[in-house]
Amino acid sequence: MQRAIIGGILIAILTSWMGTLVVLRRSSFYGDAIAHASLTGVALGLLLGLNPVLVAGLYAVLISLILPYLQKHSNLPTDSLLGFVLPFSMGLGVIILSIIPGYQPELISFLFGSVLAIGWADIAVMVAFSLLAWTIIKRLGKKLISASFDADYAKISGISVDRINVIFNILLAITIVIGVKLIGIILVNALLVIPASTSRLFATSLKQMFTLTPIIALFITIGGLIASYVLNIPSGPTMAVVSGLIFLGGLVVKKFS
Amino acid sequence: MSAALEIKNLTVRYPEFAHAAVESISFFVNEGTITALIGPNGSGKTTLIKAILGLLPYVGDVEVYGKPVNKIYQQIGYVPQRFVFDQTFPITSYEFIDLAIPKDEDKNKAKIEKALKRIDALELAHKKLSKLSGGQLQKILLARALVNKPKLLLLDEPETGVDVAGEQTFYDLLEKLVKKDKVTAIISSHELDVVYTYASQVVCMNRKILCVGKPQDVLDKDTFIELYGRDLKFYGHKHL
């Protein structure tokens, strides 16, 4: 439980920073597609006997790098391309898994997350990546917001919009794969999107949104972990349900406030 | 007097249209002057401004203070004609202006407050952008354009949504910037009084350039008929 709580806090903070930017940039579907696409990486890792999280991370980064290229050459909007990436990678992942003989207990933990799967090595990776992500967001956060809010003025302000989008997408891909360990491929987008969407209901400034989102994410993660421990139910789905209830509560409060 | 902006044979084509949006545009703008772009709706004024800014692909040459525009972005301020944005985005006027300053520095606060004070809009600093009226939003867009102390201002119908008093304040400020700080301004406008009162040069265009020169020298009834068509009615404007 100790490792789960520490891991949960780290993932909550990390996903809340990235999630705030995801929600502001209206790229929630991107997170969902990358999370589902990472199944191929997990399957490849299991097939080749390599660390599935590492392979999933590499696959997710690869997708992040390929997407802008596909967009440039197809002239299609991002969501159309994500609509191709998600089913293609999910299908490929399932086919690879079907080749691997025997039952794959790790697969269920990747699909729905498992706090018990978090070891000290994972926590070390989370700490290192969180520090890296914090440094990059601190440096590029304003540019990322500028590029998504007013791309024309971002360009005039000297921001290389394409380059900054690629950096963000790589960071996001790694964040998602790290989050998958705790909450799973199917549910990681909940942790990425729901705290930021809830804080967006109430925030009147960017500062408020960046302050409120980590608080909500921490509440969801720790509350979800405690609830799953006490009720003896799976942690990932519990966190997803808790986050959904908090969002619905936020809507109700907003409606009557 | 040196050229702040020099345009040679600029042509912009949108792939979906057979004819060019603007064609073979050439003129130059002296430093520390106001140039007005006039022409009917759809004449290519916004396209020209966006091409100057490098926001649209074009054929031809554009030089700002002798350099390609992307080498001098930090010295350009821009007010778009219509600023459409995500109304649910939680951002204050202060934060919005801050996005235009590339570096995070201690002096940013003073820079933003100075820009807001200049246009008499300091009280709007912490108001949510989506809660501003049309006129207030134009003020904030102008504050953003001014925050980096630009040498060149490109203003696309900046008076949109601003009341008469606000318009007067705006153009007085612009005149002060031009005279005192040697700022160069290019304004697209439908307001003939503004053109005659403040602009030292007017560029009349309807996809192509129809006239360039001092407003008093080049704007006459024939030019207006050429610009706006024979159905144009003249209501005793003092300059015509």
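Worth saying up front: this structure is predicted, and the values here are computed from it rather than measured.
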Determine yes or no for a side-chain-to-main-chain donor-acceptor pair under 3.5 angstrom, with Lys142(A) supplying the side chain and Ile101(B) the backbone. yes
Side chain of Glu95(B), backbone of Ser205(A): donor and acceptor closer than 3.5 Å? no
To the nearest 0.5 Å, what is the distance between [atom1] ([X]) and [atom2] ([Y])?
X        : Y         : atom1 : atom2 : result
Ile76(B) : Ser157(A) : CD1   : OG    : 11.0 Å
Leu99(B) : Phe149(A) : CG    : CZ    : 7.5 Å
Tyr78(B) : Asp152(A) : OH    : CG    : 6.0 Å
Leu55(B) : Ile156(A) : CG    : CD1   : 4.5 Å

Shortest non-hydrogen contact from Ala100(B) toward Tyr153(A): CB-CE2, 3.8 Å
Select one option (side chain, backbone, both, neither) describing which atoms of [X] are under 4.5 Å from chain A's heavy atoms.
X        : result
Lys50(B) : side chain
Thr88(B) : both
Phe96(B) : side chain

Inspect the surroundings of [atom1] in [X] and state if more than 12 heavy atoms from other residues, nucleotides or ligands are less than 6.0 Å away.
X         : atom1 : answer
Lys128(B) : NZ    : yes
Phe202(A) : CZ    : yes
Phe28(B)  : CZ    : no
Lys111(B) : NZ    : yes

For a side-chain contact (heavy atoms from CB on, under 4.5 Å) check, start with the C-alpha distance between Gln208(A) and Thr92(B), then their side-chain angles and the critical distance, and finish with the verdict. CA-CA 10 Å; Gln208(A) 276 183 13; Thr92(B) 62; over 6 Å; no
Given the rule in the side-chain contact (heavy atoms from CB on, under 4.5 Å) test, do Ile145(A) and Phe89(B) qualify, once you have shown the distances and angles that lead to the verdict? CA-CA 10 Å; Ile145(A) 294 165; Phe89(B) 208 96; 3.8 Å; yes
So which part of Arg139(A) gets closer than 4.5 Å to some heavy atom of chain B, the side chain, the backbone, both or neither? neither
Interface residue of largest heavy-atom contact number with chain A, from Arg144(B), His126(B), Gln74(B), under 4.5 Å: Arg144(B)
Do the charged groups of Asp86(B) and Arg200(A) touch, with an N to O distance under 4.0 Å? yes
Is it true that Lys207(A) and Asp98(B) have a side-chain N and a carboxylate O under 4.0 angstrom from each other? no
